[in-house]
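Structure first, then comments.
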Amino acid sequence: MRSRTLALATASGAALLTAAALPATAQPAAHRAAPHAALQEGSVSAARLLAKLKDCQQISNGKYRTDEETSATVPVCGKNGAVFWKADMDIDCDGQITAQCNADTDPWFQDDTRFHQSDGKPLNAAKLPYVVVPSVSGIWNYESAGIKGGGVVAIIYNNQVEYAAVGDTGPEKIIGEASYAAAKGLGIDPNPETGGADAGVTYLLFKDSRASPIESHADAVGRGDALAKTFLQQN
């Protein structure tokens with residue numbers, strides 16, 4: 001889990017100074033980037049899922065913070081066959097060393113993940129969309145709630161749906177984190193130090209589900225689509 005406030009402020013300040021020093025015709029290329037193509041995995045729309053997630057029946061014993069410096073405002077909510085929360089998205093770049101995720105690109109980099117691929121290796125955050133759940137604590141126990149390593153998750157953001165697996169665990173009191181690949185797929189800046197989304201991300205975790213193998217995003221999408229349809233029927 002990342003505490004991004006200071007890093008974001010520093011990066012934003014540097015960007016503003018750079019932009020101010022350039023003529024109008026020579027603004028940074030990032031401002032001229034093509035818009036992100038909307039992502040829709042499976043056949044169930046973001047609107048249909050969110051319509052079922054308007055109300056929260058809190059199942060956690062307390063609430064979580066989204067970052068170290070914020071107050072605890074995020075509950076874990078229960079539904080038939082699923083749990084969900086609405087938070088931010090910090091970037092998890094842990095696991096296999098890649099060009100995108102390593103000690104040079106990520107000040108918090110760790111070369112392991114809580115759950116591993118079928119070959120025993122850590123997950124590849126740059127390639128696999130996965131979600132981080134808070135470590136077991138008195139606030140909430142994801143295992144007791146039927147959430148497993150490799151469990152299927154629907155991430156909903158900006159009218160988009162992306163399926164992912166439960167791939168790592170984070171701090172006991174902080175929530176709202178997903179892999180580099182998950183963020184990139186949704187058009188969120190995946191930079192582990194300065195990227196992420198400050199709000200607006202919904203994480204819908206399906207109970208007693210599992211992508212097989214965990215490293216197969218295609219399997220998570222196929223299972224996720226079926227689970228989403230069942231979820232709509234049961235809620």
Side-chain angles (χ1 to χ4, degrees), residues 1-19 21-22 27-37 39 65-70 87-117 119-135 149-150 153 155 157-158 160 162-201 203 214-217 220:
M1 186 64 62
R2 315 305 183 207
S3 179
R4 298 177 292 113
T5 301
L6 179 58
L8 282 171
T10 302
S12 296
L16 286 172
L17 287 172
T18 301
L22 292 172
Q27 292 302 303
H31 294 285
R32 303 193 300 271
H36 169 71
L39 179 68
R65 295 177 290 178
T66 56
D67 290 296
E68 291 181 1
E69 67 275 11
T70 61
D88 65 344
M89 182 184 287
D90 292 341
I91 309 301
D92 190 331
C93 227
D94 294 339
Q96 294 184 33
I97 298 174
T98 62
Q100 300 84 1
C101 297
N102 55 69
D104 292 327
T105 62
D106 181 1
W108 306 276
F109 179 75
Q110 300 178 50
D111 61 357
D112 200 5
T113 50
R114 172 64 179 82
F115 305 107
H116 292 167
Q117 296 181 164
D119 61 4
K121 294 180 180 179
L123 301 180
N124 185 333
K127 181 180 179 181
L128 180 70
Y130 69 73
V131 166
V132 180
V133 296
S135 295
V153 186
I155 309 175
Y157 175 76
N158 196 23
Q160 302 170 99
E162 178 181 43
Y163 290 102
V166 174
D168 205 358
T169 55
E172 294 180 356
K173 297 181 180 181
I174 301 178
I175 205 165
E177 186 174 6
S179 68
Y180 180 106
K184 184 177 180 181
L186 291 166
I188 296 170
D189 181 357
N191 186 301
E193 185 172 7
T194 60
D198 289 332
V201 185
Y203 302 83
I214 187 174
E215 66 267 23
S216 173
H217 180 56

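Nearest heavy-atom pair across Gln160 and Ala37 is OE1-O, 4.0 Å. Shortest non-hydrogen contact noted between Ala197 and Ile188 is N-CG2, 3.8 Å. Nearest heavy atoms, Ala164 versus Ala220: O-CB, 4.2 Å. Closest of all the heavy-atom pairs between Glu162 and Ala181 is OE2-O, 3.9 Å. Residues Thr66 and Asp90 come closest through the heavy atom pair O-OD2, 3.5 Å. Considering every non-hydrogen atom in both Gln100 and Ala126, the closest pair reads OE1-CB, 3.4 Å.
For Asp106 (side chain) and Asn102 (main-chain N/O), no donor-acceptor pair under 3.5 Å exists by modelled atom type. Remark: the backbone N or O of Asp112 is not paired with any side-chain donor or acceptor of Asp94 at under 3.5 angstrom. A donor-acceptor pair under 3.5 Å is absent between the side-chain atoms of Ser135 and the main chain of Pro171, judged by distance alone. The backbone N or O of Glu69 lies less than 3.5 Å from no partner atom in the side chain of Asp67, so there is not a single donor-acceptor pair.
Put simply, CG on Asp92 and OG1 on Thr113 are 8.0 Å apart, with the number rounded to the nearest 0.5 Å. Thr70 contributes atom OG1, which lies 7.0 Å from atom CD1 of Ile174 (distance to the nearest 0.5 angstrom). To the nearest 0.5 angstrom, Tyr203 atom OH is 8.5 Å from Ile175 atom CD1. For the atom pair NE2 of His116 and CG of Asp168, the computed distance is 8.5 Å after rounding to the nearest 0.5 Å. Taking CG from Asp88 and CZ from Arg65, the interatomic distance works out to 12.5 Å, rounded to the nearest 0.5 Å. The CD atom of Glu177 sits 8.0 Å away from the CD1 atom of Ile91 when rounded to the nearest 0.5 Å.
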For this session: Kindly indicate, with the supporting measurements, whether the criterion side-chain contact (heavy atoms from CB on, under 4.5 Å) is fulfilled by Met89 and Leu186.
Result: CA-CA 11 Å; Met89 182 184 287; Leu186 291 166; 4.0 Å; yes
Exercise. Would Leu128 and His217 satisfy side-chain contact (heavy atoms from CB on, under 4.5 Å), going step by step from the backbone distance to the final call?
Worked result: CA-CA 7 Å; Leu128 180 70; His217 180 56; 4.3 Å; yes
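With sequence neighbours excluded, the residues forming a side-chain contact (heavy atoms from CB on, under 4.5 Å) with Asp119 are Gln117, Lys121, listed by chain and number.
With contacts defined as side-chain heavy-atom distances shorter than 4.5 Å, the pair Ile214/Tyr130 does not qualify.
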